[in-house]
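Structure first, commentary second.
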Amino acid sequence: MTGLLIKGGTVVGPQGAIPGDVLVVGEKISAIFMPGDGPVEGDFETLDATGKYVIPGGVDAHTHMELPFGGTFASDTFDTGTRAAAFGGTTTIIDFAVQRTGEVVQDGLAAWHAKAAGECHVDYAFHQILGGVDDESLKAMDQLVTDEGITSFKLFMAYPGVFYSDDGQILRAMQKARDNGAMIMMHAENGPAIDVLVKQALERGETDPLYHGLTRPEALEAEATSRAIWLASVAADCPLYIVHLSASKALEQVAAARDLGRNVFAETCPQYLYLTLEDQLGADGFEGAKWVCSTPLRSKHEPHRADLWKGLRSNDLSVVSTDHCPFCFKDQKELGIGDFSKIPNGIGSVEHRVDLLYQGVVDGKLSLARWVETIATTPARMFGLYPRKGIVAPGSDADIVLYDPSARTRISVETHHMNMDHSAWEGYEIAGKVDTVISRGTVIVSGDAYHGRKGHGQFLRRGLSDYLL
Ligand code: URP
Ligand code: ZN
Ligand code: ZN
Ligand code: ZN
């Protein structure tokens, strides 16, 4: 038997942080031993993990490679985006296949398979965006769950005319999800009301990027979140997952539903834990476009960030995903010069999520176990990938990160691997560093060296959520 023995590290998972040696055979984790109790050295290639955390590879449950938006496309391909993910310790992404309004769902899915096949450096799965709900798309939901390993569907209460579903459509999709066990993921912002505020702002000559955030107030995120939760209750408690939750009052809606025992979950993203509207205000004029995303960044003068960290501890927020949706400044963000509503929405972070959330450990806001839970274990369980992904345990895929808490890194466009001409995180100092990344038994990142390859990443058919009631 040949294998790889990861020796001397501290294995971290939801169970805590425990010293142990991990044996990898082929693509799987074969065994975990008490320190030094493993097989005799020499039979195995050995990786010295002394002083490092041995964690499951990150599972980023929300990315948008090549997303069409506002007449352009997100700038990372599956090739560049999954390579950047690998550098950042993420070994699984769940991207969103897109059905545009009027298109056949299966055609949208086939187009996504065509973009990703043979291109990915790490394993990947898909959620399906439904750009509207009708008899055909409801039938497609059954087919995707049964035959395609796609068990979650994103609906939009925002973006009328693009991806938008009205309340009746949402209810029908939720009833279908209740029947077939799928998860409904909701972009919870009141799009029609936002569109009124946007039009009024533009009429007043308020065209700068900062008006993006000011025309998407917290109330319209909280209202939509509450409405989605009530609609899910009418659909006999269909499982509901609120994406990219940014604000205190939206979190209150989720927490209240969860306190009632409702089948409601939410994710937040690193940008809402760290960045603020004031970062945008402080930027020079149109530079603020770099931080245009939806839901928007919130003000530092309100308690959003502290509340979101608290939500991560209390499990009212279960998952941290990136909502990685990169656009270059030149020619892409610049589409919105003179009209903020034309700035393509999104921030690129797929490379930085593991590092950024580790700062929560450094700052005493998260335990080591909770760090790993929110970036790997829970997203795997939430979206039907567990225990293949999200845990360092015998039988699981050998997707493993050695994380060095004593190293330091600094985020910059000069050194990142995402296909972007700027970074929303420029100059961020990180205490800790992804040291080694293993994907299905293969070392793909070692320090700053890359050993992976395009095409190594495989499509993952997902099962139903572990959190299904
Ligand atoms: O600004 C964002 N979030 N862009 C990506 C699309 C979405 O709504 O997730
Ligand atoms: Zn969204
Ligand atoms: Zn609670
Ligand atoms: Zn998104």
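Just so you know, ligand 1 is whichever comes first in the structure, and atom 1 is the first atom listed for that ligand.
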Legend entry - Within 45° cone and under 6.0 Å: Lys433 NZ/CZ vs Tyr403 ring: no
Legend entry - Face-on cation placement of Lys115 at Phe78 ring, 6.0 Å and 45° thresholds: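 So Lys115 doesn't make the cation-pi contact.
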Give the atoms of ligand 1, by number and element, whose distance to some non-hydrogen atom of [X] is under 4.0 Å.
X	answer
Asp323	2 (C), 3 (N), 5 (C), 9 (O)
Lys154	7 (C), 8 (O), 9 (O)
Cys293	1 (O)
His187	8 (O)
His62	9 (O)

Inset, instruction - Return the name of the atom in His64, of element N, O or S, nearest to the Zn ion (ligand 4). - result: NE2
Carboxylate-amine/guanidinium contact [X] [Y], below 4.0 Å:
X	Y	value
Arg216	Glu189	yes
Asp179	Lys176	no
Arg440	Asp399	no
Asp339	Lys342	yes

Inset, instruction - Answer side chain, backbone, both or neither: which part of Cys325 comes under 4.0 Å from ligand 1, heavy atoms only. - result: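 The answer is the side chain.
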Legend entry - Contact partition for Phe156 relative to ligand 1, non-hydrogen atoms under 4.0 Å: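 For Phe156, only side-chain atoms sit under 4.0 Å from ligand 1.
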Legend entry - Non-hydrogen atom of Tyr159 closer than 4.0 Å to ligand 1: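 Contact check Tyr159 vs ligand 1: positive.
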Legend entry - Sub-4.0 Å heavy-atom approach of Phe163 to ligand 1: no
Inset, instruction - For residues Tyr124 and Phe459, establish whether the separation of their ring centroids is below 6.0 Å. - result: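 Yes - the distance between ring centres of Tyr124 and Phe459 falls below the 6.0 Å cut-off.
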Inset, instruction - Quick one: the NE2 of His62, the Zn ion (ligand 4), OD1 of Asp323 angle, rounded to 10°, please. - result: 90°
Inset, instruction - Give a yes-or-no answer on whether the side chains of Ser423 and Tyr428 include a donor-acceptor pair shorter than 3.5 Å. - result: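 Result is no, nothing qualifies.
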Inset, instruction - Using only heavy-atom distances, determine whether the side chains of Asp123 and Thr92 contain a donor-acceptor pair under 3.5 Å. - result: no
Inset, instruction - Answer yes or no: does an N/O atom from Ser294 fall short of 3.5 Å to an N/O atom of ligand 1? - result: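 There is such a contact, yes.
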Legend entry - N, O or S from Ala158 under 2.8 Å to the Zn ion (ligand 2):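 Given the 2.8 Å cut-off, Ala158 does not count as a ligand of the Zn ion (ligand 2).
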Inset, instruction - Write out the residue and atom name of the closest protein heavy atom to atom 6 (C) of ligand 1, then the distance separating them to 0.1 Å. - result: His64 NE2, 3.8 Å
Inset, instruction - Determine which of the N, O or S atoms in His187 is closest to the Zn ion (ligand 2) and give its atom name. - result: ND1
